Structure formats: structure tokens, C-alpha cells
Amino acid sequence: MKRACDTEVRPATRSLAARYAGQTVLAIGAHPDDLEIGLGGTLAKMKRHGARVVMGVVSIPKDFDTRLAEQKKGAEILGCELRVLFDEGPRRIEDIKTYELVGKLDQTIAELNPAAVFTHSSSDFHNDHLLVYQACLPTQRLSHFDFYSYHPTNCRPVPTQFHPRAYVDITETIDAKMHSITAHASQFGGRNLDTEMYREHAHAQGRIIGVPYAEGLDVLRMLLT
Ligand SMILES: [Zn+2]
């Protein structure tokens, strides 16, 4: 006997990548490697489908030249533009004054006029990530972009309470995502950490929507017409 779920019924979908084709999207990450880990597959997919994708890395806390070179490589692998928002040299986010951080984000959003902004989540556990998330919140007053959070990013697995509301099929870009993460050699190979957990995580997310690999996003604001 056929069960209801044997005949898969899916809602009419228009991919996230198609939604932003021909437009600019901006992804904000506190440090190098956050964006690759958090939503590298989604960024590469949006780029491949015609969006201008800007990766905004707030600052590089130390080992500036090495980590900048790795971040450039990571962005290149994903095919995205890179901006280091505070690029004068090593700087820790907690040393940036709130008005300066909000001002820099405002300025970037005013210049790029993105159709979507992606940032850290309120359920992240890294204080720098939370500071960036909080500084991104007021930018919503500037224009009516779609606004998303990505999964907490970490180099070692840590329990989190992040509950995605949207899932992006990244099957076509999982290899680019994994490659872009390993571009940050000082964070992984250099510290003997393996990156395979990111593929496993994407696989587990994919199961939820019936595809091989996915990334989950929380939707903070979205315009539906
Ligand atoms: Zn980080």
C-alpha cells in the first residue's frame, strides 16, 4: 500500500539563487572562515546563478597577512567578492567601538544596496559573532532587504540551539564549500582539525529537505509579494 509520503509533494519552489539573480547580496562574517563554514555553499550557488555576492569580513584579529591571503583564496574559490571592512591591520572586534562597527556596516549597505543580507545568528556562542549580529540589526532601518542568519560557526563541534527556517539545496556547491574551508589552512590543517564535520552537517541538513546537501538559514525578515 502506498503511504502519503511515497508520492512526494513539494511546494512550488523558486530557488534562493533565482530570487537574487541580477542583484547584489551581502554576507557579513566576523572573521576569516566564518562565511565559508556558515553558508559557503549558498554564496557559491547564488554567484553561479547570477547574483553579485559580496563577502564582508569585519576584521582579522591576528596573523593578518596569512589570514588575509587565506580569506582571499576562500572567496576566490566561491567566486565571490571580498571586502575586509577594517583592513588597516590586525584588529579584534571587541576593540571596535559599537558606533564604528554600526557605521561601517551602514556605509557598506548604503553603498551596495543589497537585496539580501546574511549574518551570524543570535544563538551563536562566540562573543565576536554576537557583536556583529547585534551591529547588523539596526541596518534594517536603511532599506527593505531580506535578512537571514546562518548557523553558528565553530572549528570544533559545540551544541547550539539554532533552528533553521529555510534550507538551501547546496548539492551543486558542496565541493566548493569544502574546498573554500580548507583554504583556511592555518585554522584547520595547521591545528590538526579536520573539516569533514562540515560536509556531514550539510548532509544532515540536506536530509531534512530530501537533497544530498543543504545549508539552513534563519529568516529574520523577508518580503513576499
Ligand atoms: Zn568567527
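Order of listing sets the numbers, starting from 1, for every ligand and every atom in it. Since this is a predicted model, take the numbers as computed values, not measurements.
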> With side chain to side chain donor-acceptor pair (under 3.5 Å) as the test, would you mind laying out the steps for Q134 and H120 before giving the verdict?
CA-CA 9 Å; Q134 283 160 359; H120 292 283; over 6 Å; no

> Shared ILVMFWY cluster between L26 and F86, side chains joined below 4.5 angstrom?
yes

> Ring centres under 6.0 Å, that's the criterion: do F118 and Y148 meet it?
yes

> Report the C-alpha separation of T153 and D34 in whole Å, then their side-chain angles, then the decisive distance to 0.1 Å, and conclude whether the side chain to side chain donor-acceptor pair (under 3.5 Å) test is met.
CA-CA 6 Å; T153 55; D34 284 328; 2.9 Å; yes

> Name all residues meeting the salt bridge (Lys or Arg N to Asp or Glu O under 4.0 Å) criterion together with D87; count only those two or more places apart in sequence or in a different chain, and write none if there are none.
none

> Take the Zn ion (ligand 1) and tell me which protein N, O or S atoms are nearer than 2.8 Å.
H31 ND1, D34 OD1, D34 OD2, H129 NE2

> Would you please classify the geometry between the H126 ring and the H129 ring as parallel, tilted or perpendicular, with 30° and 60° separating the classes?
parallel

